[in-house]
Structures are given as C-alpha cells and as structure tokens.
Enquirer: 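Got a structure here, written out as structure tokens. Questions coming.
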Amino acid sequence: MTSEKLANIIFKDITKTPQDYINQYKKRALKENAHVTRYAPSPTGFQHIGGIFAALVSERMASLSDGVFFLRIEDTDQKREVEGAIKDTIDTMHKYGIDFSEGQETDTDYKGNYGPYKQSERKEIYQTFAKDLIRQGKAYPCFATPEELEALRNSQIEQKITPGYYGEYATYRNLNPEEAIKKIEEGIPYIIRLKSQGKGERINFVDLIKGETSFPENNQDIVIIKQDGLPTYHFAHAVDDALMGTTLVTRGEEWLSSLPIHIELFKILELKRPEYAHIPTIMKLEGKSKRKLSKRKDAESAVTYYDEEGYPIVCVIEYLLNIINSNFETWREENKDKDYHEFQVALNKMSKSGALFDIVKLDDVSREIISRMSGDEMFALYIEWAKIYDPQMYELAIKNEAGLKKFFSIDKNTAKPRKDFAKWSEVKEKIVYLFDEFFDKETNIELPKGVTLEQAKEIIKEYQKIYVHSHNSQEEWFNHLKEFAINIGYCANKKEFKNNTEKYKGMIQDVAGAVRVALTHRTNTPDLFVIMQILGEQKVLERFTKFINK
RNA sequence: GGCCCAUUGGUCAAGCGGUUAAGACACCGCCCUUUCACGGCGGUAACGGGAGUUCGAUUCUCCCAUGGGUCACCA
C-alpha cells in the first residue's frame, strides 16, 4: 500500500496510532449531564472582555453541572506568541472568579490527566492522527507554493467561482503516492491537506444557542498540518476536544462559518464530536452602525480598562451575566443576597444576536452592587484600586481612614442605600472636598437652584455666628438649622411656602443648600451632618469664613 | 461576491398564533421628604419591508432590505 509508505516517509518518527491515544485518555467519571468545557485562547497577551464573556459562559456551564472546565493554550501560531501571556490569562481569569479545574498552569506545567494542554506540546498527537489519515488516503501532501495558491485564488475570484483549494482545483489531491514521495525526497516543501469527501450536500445542525441551522458540507481541502509541522486550528480543535473529552464547545460566533470543516474533520477522524454553542459577539455602536468591539479602537475591549476605571470585578461579571441571560436581572432582584454563582445560566435563553456593550447599564449594575457594600468594604476596595491607579488619593485615604470609612458608611444599613459610585475612579470627584489640598484649589462653585452666591454668603454670614458643632445627632443638628432658617426668614414648611411665597426669602433647602455649598462647593453630597463631623469644627468654621470672602 | 447568522422602543430584552406587546437602563414629569439621597407614581418610545398560510400573525413560510460574521500554512 503506497499511501502507507507515504505516511511513513512524512512522519517517520511517529510510531503510535490514534487508538493508542484514544486508549490513553479515558472518559472522565462524571455525572451523566456534566459538561466538560474549555477556554482555549491563543497566547497573544491581550485579554479581551469578549474572552471573559466566553470563558464565563463555559465555566458556568461546567460548574453548574458539576463538570470540568479546563484551559488549553492554542499556541500553534508561534509568530503571534507573547511572553508571559499564559500567566496573564490565568491571573486575569482568576481575578474574575473564573478558575480552571484542569489545564495549563505555567509555561511549562499543567494539571489534569488529558495533557499536555498546550498545543505546541501535542505535536506528536496531531501528527499521529494526520499520519493515519494519509495512510488511509484521506489526507495528502500538497506542494503548491503560496504564489501558486495566490494565483489560483485570483483566477477563481475573476471567474466568480468559489475560491479555495478543492475538487478539480486541488491539483495535488490525486497525485499518486509514488510521485509525492519523489517530491519529498527532492526536498520540495509541502503541507498536509485533508482530502475532503464533501459533495456539497446540505447538512442540518443544532447549535445550543442559535438553534437549528443548515449549510452545505465542507468541500475544501483545508490544511491540517502546516509546514512547521504544527496543526491548524481546525485540526487541533477536532483532535484535542475529542481526546480531552470536551462535551460542549462554547466559542464566538465567528466560528460558525467554519463549522462545516469541523464536522467533516470529526467524521473523517471517527472521533466523537462535542456539542456547540456559538455565542454572539459583543458589539459597539459607532455612529449608526454596530460593529465588533475592537481591540485597537475601543478602550473598553480590554479587560484592563475595567481595572483602570475601578469597576469592582463582581460588577463586570454581573453585567455580563445580564447579557448572557436577561432573566438574571429579575433573579438578582429577587435574590439580593445570593451569590451570582447560584444563578442558573441557560444557553437556550441567550440572545442570538450580538448585544451592544452598554457602559451606562454597567454603571447601573455597578452602583447597585456598590451601594450594598459596607463602608469598610468600600474603603478596602477603594484603597486597593487607588494604590495602583491614584497614588495621591491612596495616601490621603490611608491617612484619613476613619473619616473615609465614615463617609462611605453614610446611609448604609438602611433598606435603600445611596447609589453614589459606579466605579472607584468616580470617588475622587465626590470626596475631594474632604481635603483642603483639593478643596482650596477648586474654582467652580455650584449653587442651589434659585439661590445666588450673594444670598448664600448672607446665609452663611449669619449661620457661622450661631453654628454649633457638638450636636449629638443628625436630627438635633437639623432642628437647629431649621430654627435658624426660620429666624432669618426662610420657610420650613413646603405647603405653607407654596401658599405664601411672598412672605419668605425661600425654603429651608435653600439654607441647607448654602451650607452644603460653603462646605463642599457642591449641591449634591451625602448627609451634611456626617460631613461636618468628618471635617471637624475648626475646618467647618474655616470654610464658612473662606466662603464669605469668595 | 459565495456561504452562514441576526433583525421588537435610544440600549438590554420578554413574547413562542388571539396580549391594552412585559420588565430593566437612560430620558422627562409629578409626588414623598428636615438637607443630599433613596424611594413611589406616571410619561415619551418598538414588532425593518412585501407577499403568502390562517378566522386571526410580532410569533409559521418565502422573497427583499439592513446589520454582522466568514471565505489563510491566524486563531
């Protein structure tokens, strides 16, 4: 059998058979409906939010079914490899609460019984399967040069026929093994192609997200082993996911169009095919049109963006969960105290079309979550963030720990806490008035509606005279303020004010507003009583004076 | 261009042949209120178009349009 001879010449070092590997990697002892899923990035060093999205879906499907979620590194394109990328991937995923039960752990080590989990170290495995295919006449060496391929392609496009290496255009497909051997011995470079058996018939397929679909079967003689001896994505995918026992492949929908190739590969290799769930791409609105979130153009495509902005990680995850299953929101509403891990992700409830990434919604999700944190928790997360991204604020925060914790605790422990912050980078703007070094430099002073700067100054001029710092409670302080307001001609009763507007200078909120502005330059701050306590009597009086002299 | 996928308000989306077409975010009002908030109530706003099938289509079929993806010795 000459094809056997050909196979032996091409892969002379390969001695094992596919069956050896199939025997080696036994089926896992898992529950019947357990999913084995994976995250399989190429180590390019860029962590895309879409990667978290896909990994989250995979991890949830595995964990919720008591299955296995593993990490496989797809480093078959060695040109694109970036140093440290594996560690970075694992660290990033871990930070986002996504951990692997098996797979690559460092550049050199892995855990699990289905390794290696790095494709470059699985070369012999792929070659074993490729060799077997050649032996059977289902794959063949192709000696076409890139130039020839290019020329073929151009002429096909010109003639308006489907471009590619297939059928009658696949000139080396029927080269007899003897001739092939001769060329190899002459040292002519080659790659290995699949001898596609596709006849262009339509095949039906069920995707777990997209549902029923159909397409013509593959007829392209795709490359399975590249000139460097490593497999292409398609070939590696089929071999690996079969051997590693993957039951469910969740991947971006950009892969949907190569599904026919994968289906044929599994069939020809006689390997068990996993189920597929092609997840929609996260999009972004540009002008009026949607487009894929772009690594180059969109800062928010990088996972690091969320770190820099200071979104607590759980917020990003919950936002993503929102996109994955829109009923997550209802579930969250009804289960405020539960961990998101308890939510049952369902693939069939996932939207089939690409969602627009909505930062405004993320902010809302985030504000809600942060509002439920305690002041101490917020402080801890804030300084953790500030330490890296805002050292100046970090120093200040550390120095004023008690005050800041008090500030973050305002209105906490109530059924409906304030929703002041969506991300840590917003904190500075909302707390800087606690610190003179910032406050004194501020030039912009907001004013309450209907109150002029002069009126505000008048109010403060009087208020500083009677200001008492040592009130025991917010209520006591406010009653005092109320009394003061009435004395200087402001009204403390809304209805009364509405009916007799002309009798008063304004409402009590104008007075409180003036105090607020004098103390903070802002019309929107949390409870003043606490702020004054944090500032201390001396500083409060100082600020009144400064304000009057503005 | 071929093939594939998608198409309900500004955004995310329920809906699975008969609904006043949910809900959330955003926006706008009003109310509550001892400041700021929180909250409550309400409002604007949608089934891409055309043919069928049907007593009846947002829901089923086909065509078109639009958007997206893919057509590498990259994944």
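Quick note: numbers below take in every heavy atom, side chains included, and nothing from hydrogens, waters or symmetry partners. Numbers restart at 1 for each chain; the letters A, B, ... are given by sequence-line order, proteins then strands.
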Enquirer: If I pick the C1' atom on B/U58 and the same atom on B/U20, what distance separates them, to the nearest angstrom?
Expert: 15 Å

Enquirer: Give one of base, sugar-phosphate or nothing for A/Leu256, where a contact means two heavy atoms less than 4.0 Å apart.
Expert: sugar-phosphate

Enquirer: Nearest to the side chain of A/Ser353 - B/A24, B/C12, B/A6?
Expert: B/A6

Enquirer: To the side chain of A/Ile323, which of B/G69, B/A13, B/U33 is closest?
Expert: B/A13

Enquirer: Is there a side-chain contact between A/Lys494 and the phosphate of B/U34, meaning an N or O under 4.0 Å from OP1 or OP2?
Expert: no

Enquirer: Give the B/S/- string for nucleotides 36-45 of chain B, one per nucleotide from 5' to 3', where a protein heavy atom under 4.0 Å of the base yields B, of only the sugar-phosphate yields S, and otherwise -.
Expert: BBSS------

Enquirer: Classify the ring geometry between A/Phe407 and A/Phe421 as parallel (under 30°), tilted (30 to 60°) or perpendicular (over 60°).
Expert: tilted

Enquirer: What nucleic acid atoms does A/Ile508 come within less than 4.0 Å of, heavy atoms only: base, sugar-phosphate, or nothing?
Expert: nothing

Enquirer: At under 4.0 Å, does any side-chain N or O of A/Thr213 touch on OP1 or OP2 of B/C5?
Expert: yes

Enquirer: Between B/C27 and B/A45, how far is it from one C1' atom to the other, in whole Å?
Expert: 10 Å

Enquirer: One thing to verify: whether A/Glu446 and A/Arg516 come together as a salt bridge, which I'm taking to mean a side-chain N less than 4.0 angstrom from a carboxylate O.
Expert: no

Enquirer: What is the distance, to the nearest angstrom, from the CZ atom on A/Arg72 to the C1' atom on B/A75?
Expert: 12 Å

Enquirer: Below 30° counts as parallel, above 60° as perpendicular, anything between as tilted: where do the rings of A/His234 and A/His262 land?
Expert: tilted

Enquirer: Using whole Å, what does the distance between atom P of nucleotide B/C73 and atom OH of A/Tyr140 come to?
Expert: 12 Å

Enquirer: Start with the C-alpha gap between A/Tyr490 and A/Tyr504, add the side-chain angles, then the distance that decides, and say whether ring pair (Phe, Tyr, Trp, His ring centres under 6.0 Å) holds.
Expert: CA-CA 5 Å; A/Tyr490 284 79; A/Tyr504 301 96; 8.9 Å; no

Enquirer: Which nucleotide in the set B/C74, B/C25, B/A6 lies at the smallest distance from any side-chain heavy atom of A/Val360?
Expert: B/C25

Enquirer: Considering only B/A13, B/C74, B/U34, which nucleotide approaches the side chain of A/Ser326 most closely?
Expert: B/A13

Enquirer: So, for A/Glu217 and A/Gly200, which heavy atoms are closest and what is the spacing to 0.1 Å?
Expert: OE2-N, 3.3 Å

Enquirer: Which of parallel (below 30°), tilted (30 to 60°) and perpendicular (above 60°) describes A/Tyr276 and A/His237?
Expert: perpendicular

Enquirer: Of all the heavy-atom pairs spanning A/Pro141 and A/Tyr172, show the shortest one and how long it is.
Expert: O-CB, 3.9 Å

Enquirer: Work out how far the C1' atom of B/C47 is from that of B/C60, and round it to whole angstrom.
Expert: 16 Å

Enquirer: Does A/Thr330 reach a base, just sugar-phosphate, or nothing at all? Heavy atoms under 4.0 Å.
Expert: nothing

Enquirer: For RNA chain B, what is the dot-bracket line, given that a base pair needs Watson-Crick (N1 to N3, plus N6-O4 or O6-N4) or G-U wobble (N1-O2 and O6-N3) geometry with both distances under 3.5 Å, and | means paired with another strand?
Expert: ((((((((.[[[..)..(....]]].(((((.......)))))....[[[[[..)....]]]]])))))))....

Enquirer: Does A/Arg153 place a side-chain N or O at less than 4.0 Å from the phosphate oxygens OP1/OP2 of B/C73?
Expert: no

Enquirer: Pick the closest RNA chain B nucleotide for A/Pro41 and for A/Ser214 by heavy atoms, then say which residue is nearer the 5' end.
Expert: A/Ser214

Enquirer: Using the side-chain heavy atoms of A/Asp77, tell me which of these nucleotides is nearest: B/C25, B/C73, B/C74.
Expert: B/C74

Enquirer: Side chains of A/Gln78 and A/Asp228: do they bring a donor and an acceptor to under 3.5 Å?
Expert: no

Enquirer: What is the distance from CG of A/Asp228 to P of B/C73, rounded to the nearest Å?
Expert: 12 Å

Enquirer: Check the distance between B/U11's C1' and A/Leu356's CG and give it to me in whole angstrom.
Expert: 7 Å

Enquirer: Hey, what's the ring geometry for A/His480 with A/His471, parallel, tilted or perpendicular (30° and 60° as the breaks)?
Expert: tilted

Enquirer: What is the distance, to the nearest angstrom, from the CG atom on A/Asp364 to the P atom on B/U11?
Expert: 17 Å

Enquirer: Using atom C1' of each nucleotide, how far apart are B/C16 and B/A21 to the nearest Å?
Expert: 14 Å

Enquirer: Between A/Ser351 and B/A13, is there a contact of a side-chain N or O with OP1 or OP2 at under 4.0 Å?
Expert: yes

Enquirer: Hey, which sits more toward the 5' end of RNA chain B by its nearest nucleotide, A/Lys210 or A/Lys361?
Expert: A/Lys210

Enquirer: Using atom P in both nucleotides, what's the gap between B/G10 and B/G48 to the nearest angstrom?
Expert: 12 Å

Enquirer: Using the P atom in both, what is the distance from B/C12 to B/G68, to the nearest Å?
Expert: 14 Å

Enquirer: Is a salt bridge present between A/Asp510 and A/Lys505, judged by a nitrogen-to-oxygen distance below 4.0 Å?
Expert: no

Enquirer: Report which part of the nucleic acid A/Glu254 touches: base, sugar-phosphate, or nothing (heavy-atom distance under 4.0 Å, all strands).
Expert: sugar-phosphate

Enquirer: Pick base, sugar-phosphate or nothing for A/Lys352, based on heavy-atom distances below 4.0 Å to the nucleic acid.
Expert: sugar-phosphate

Enquirer: Please work out if A/Phe215 contacts a base, only the sugar-phosphate, or nothing of the nucleic acid, heavy-atom cut-off 4.0 Å.
Expert: sugar-phosphate

Enquirer: Which of the following nucleotides, B/A6, B/G68, B/U35, is nearest to the side chain of A/Gln474?
Expert: B/U35

Enquirer: Would you check if A/Asp77 and A/Arg80 make a side-chain contact, meaning some heavy-atom pair closer than 4.5 Å?
Expert: yes

Enquirer: Whole Å only: how far is the CD1 atom of A/Ile209 from the P atom of B/C5?
Expert: 15 Å

Enquirer: Mind checking if A/Arg202 touches a base, just sugar-phosphate, or nothing, with heavy atoms under 4.0 Å?
Expert: sugar-phosphate

Enquirer: Please report, rounded to the nearest Å, how far the C1' atom of B/C5 is from the OH atom of A/Tyr276.
Expert: 17 Å

Enquirer: Compare side-chain N and O positions of A/Lys284 against OP1 and OP2 of B/G67 and report whether any pair is under 4.0 Å apart.
Expert: no

Enquirer: Give me the ring orientation class for A/Phe484 and A/Tyr463: parallel if the planes are under 30° apart, tilted from 30 to 60°, perpendicular past 60°.
Expert: tilted

Enquirer: Pick the C1' atom in B/C38 and in B/C32, then give their distance to the nearest Å.
Expert: 11 Å

Enquirer: If the plane angle is over 60° it's perpendicular, under 30° parallel, otherwise tilted; pick one for A/Phe46 and A/His48.
Expert: perpendicular

Enquirer: B/A14 and B/G23: how far apart are their P atoms, nearest whole angstrom?
Expert: 15 Å

Enquirer: In whole angstrom, give the distance that lies between atom CD1 of A/Ile261 and atom P of B/C4.
Expert: 15 Å

